[in-house]
A.B. asks: 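Structure below; questions to follow.
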Amino acid sequence: MAILRRKAELESLDMPDDVALFIAQHVKTNIRELEGMLNRVVAFASLTGRPLSLELAKETLRDILPQEKGVGANDIIKFVARHYGLKVGEIKSRNNSKHIAFPRQVAMYLCKKLTSLSYPDIGKQFNDKHHSTVMYSVDKIEKLRAKEPEIDRTVQSLADHFA
């Protein structure tokens with residue numbers, strides 16, 4: 001961070017601390033790489049006419065930085081299963097009884113909303129369910145959330161756990 005602050009000072013840049021921290025966290029060994037990332041962010045800000053900000057730095061560097069590990073489907077499935085008093089194996093099972101199917105649909109919905117997984121990829125997480133089953137589940141939970149305030153609160157509460 002000290003290197004970045006000094007570079008910004010030499011170039012008369014107004015760089016917020018969160019931008020310097022973000023860049024510094026992603027480069028640990030190479031000063032040239034550190035300065036290169038800063039130059040890239042500064043150039044992008046100049047070209048777009050936007051001020052330096054954390055959002056701009058993330059946008060500018062997203063293609064060259066390793067992706068941050070976010071919430072995974074398995075985390076969502078485990079959490080939803082625990083919430084509904086089920087085992088992960090039950091949520092992933094072929095059992096379509098209502099007390100298992102509904103939590104499975106909620107888990108599929110949350111996987112779609114909270115991860116970047118495709119419908120087929122989500123289906124694979126649930127013992128190779130077809131992607132159309134995942135699409136149906138997402139659509140059903142969206143409709144239920146719109147109609148049923150209690151379901152909306154529950155699903156939002158589950159989603160908030162991962163925020």
A.B. asks: Ignoring hydrogens, what is the shortest heavy-atom contact between Arg94 and Lys129? Give both atom names and the distance.
C.D. replies: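 Closest approach of Arg94 to Lys129: CA-NZ, 4.0 Å.
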A.B. asks: Taking the side chain as every heavy atom from C-beta outward, state whether Glu90 and Asn95 have any pair of such atoms under 4.5 Å apart.
C.D. replies: no
A.B. asks: Do Ile141 and Met108 touch side chain to side chain, with heavy atoms closer than 4.5 Å?
C.D. replies: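 Of all side-chain heavy-atom pairs linking Met108 with Ile141, none is under 4.5 Å.
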A.B. asks: Do Met37 and Leu56 belong to the same hydrophobic cluster, where Ile, Leu, Val, Met, Phe, Trp and Tyr are linked whenever their side-chain heavy atoms lie under 4.5 Å apart, directly or via other members?
C.D. replies: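 Yes; Leu56 is reachable from Met37 via cluster members.
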A.B. asks: Determine, step by step, whether Leu86 and His99 satisfy the side chain to side chain contact (heavy atoms under 4.5 Å, CB included) criterion, reporting the C-alpha distance in whole Å, the side-chain angles of both residues, the deciding distance to 0.1 Å, and the verdict.
C.D. replies: CA-CA 9 Å; Leu86 300 172; His99 81 280; 4.1 Å; yes
A.B. asks: Quick one: does Tyr109's side chain get under 4.5 Å of Val80's, heavy atoms only?
C.D. replies: no
A.B. asks: Quick check against the 3.5 Å criterion: does Ser157 have a side-chain atom that pairs as donor or acceptor with the backbone of Arg153?
C.D. replies: no
A.B. asks: Nearest heavy-atom pair of His131 and Pro120: which atoms, and what distance?
C.D. replies: CB-N, 3.7 Å
A.B. asks: Would you find a donor on one side and an acceptor on the other, under 3.5 Å apart, between the side chain of Asn127 and the backbone of Lys92?
C.D. replies: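 Yes; at least one donor-acceptor contact below 3.5 Å.
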A.B. asks: Under a 4.0 Å N-O cut-off, is there an ion pair linking Glu35 with Arg32?
C.D. replies: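 Salt bridge: no.
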A.B. asks: Under 4.5 Å between side-chain heavy atoms, counting indirect links through other Ile/Leu/Val/Met/Phe/Trp/Tyr residues: same cluster for Tyr136 and Ile77 or not?
C.D. replies: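 Shared cluster, no.
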A.B. asks: Rounded to the nearest 0.5 Å, how far apart are CG of Leu144 and OG1 of Thr154?
C.D. replies: 11.0 Å
A.B. asks: Closer than 4.0 angstrom, basic N to acidic O: yes or no for Arg6 and Glu9?
C.D. replies: yes
A.B. asks: So Phe162 and Thr115, do their side chains get closer than 4.5 Å, heavy atoms only?
C.D. replies: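 No, their side chains stay 4.5 Å or more apart.
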A.B. asks: Side-chain contact, heavy-atom cut-off 4.5 Å: Leu34 with Leu38?
C.D. replies: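 No, too far: nothing below the 4.5 Å cut-off.
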A.B. asks: Find the distance between CD1 (Ile76) and NZ (Lys112) and round it off to the nearest 0.5 Å.
C.D. replies: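 With rounding to 0.5 Å, CD1 (Ile76) is 11.5 Å from NZ (Lys112).
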A.B. asks: Going from CG on Asp75 to NZ on Lys78, what distance comes out if it is rounded to the nearest 0.5 angstrom?
C.D. replies: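 So the gap between those two atoms works out to 6.5 Å.
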A.B. asks: Flag the pair Phe102 / Ile151 as yes when at least one side-chain heavy-atom distance between them is below 4.5 Å, and no otherwise.
C.D. replies: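 SC-SC contact between Phe102 and Ile151 confirmed.
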A.B. asks: When rounded to the nearest 0.5 angstrom, what distance separates CE in Met1 from CD1 in Ile23?
C.D. replies: 10.0 Å
A.B. asks: Do Thr133 and Phe126 make a side-chain contact, defined as non-hydrogen atoms from C-beta onward lying under 4.5 Å apart?
C.D. replies: no
A.B. asks: Do Phe79 and Ile91 share a hydrophobic cluster (ILVMFWY, side-chain heavy atoms under 4.5 Å, transitive)?
C.D. replies: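 They do share one cluster, since a chain of ILVMFWY contacts under 4.5 Å joins Phe79 to Ile91.
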A.B. asks: Between Ser46 and Val42, is there a donor-acceptor pair closer than 3.5 Å when you use the side chain of the first and the backbone of the second?
C.D. replies: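 No: the side chain of Ser46 does not pair with the backbone of Val42.
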A.B. asks: Look only at the side chain of Arg104 and the backbone of Ser137, and say whether a donor-acceptor pair between them is shorter than 3.5 Å.
C.D. replies: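 Here the side-chain-to-backbone pair does not exist.
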A.B. asks: Linking I/L/V/M/F/W/Y whenever their side-chain heavy atoms sit closer than 4.5 Å, directly or via other members, would Val88 and Ile100 fall into one cluster?
C.D. replies: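 Hydrophobic grouping puts Val88 with Ile100.
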A.B. asks: So does Arg50 pair up with Glu59, basic N to acidic O under 4.0 Å?
C.D. replies: yes
A.B. asks: So, Gln156 and Asp160: side-chain donor and acceptor under 3.5 Å apart, yes or no?
C.D. replies: yes
A.B. asks: Rounded to the nearest 0.5 Å, how far does CG of Asp18 lie from CG of Leu54?
C.D. replies: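 One gets 4.5 Å once the value is rounded to the nearest 0.5 Å.
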A.B. asks: Could you see if Leu21 belongs to whatever hydrophobic cluster contains Ile31? Use Ile, Leu, Val, Met, Phe, Trp, Tyr and a side-chain cutoff under 4.5 Å.
C.D. replies: no
A.B. asks: Are any non-hydrogen side-chain atoms of Leu4 and Val19 less than 4.5 angstrom apart?
C.D. replies: no
A.B. asks: Quick one: CG on Leu52 to CG on Asp14, what's the gap to the nearest 0.5 Å?
C.D. replies: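 Answer rounded to 0.5 Å: 7.5 Å.
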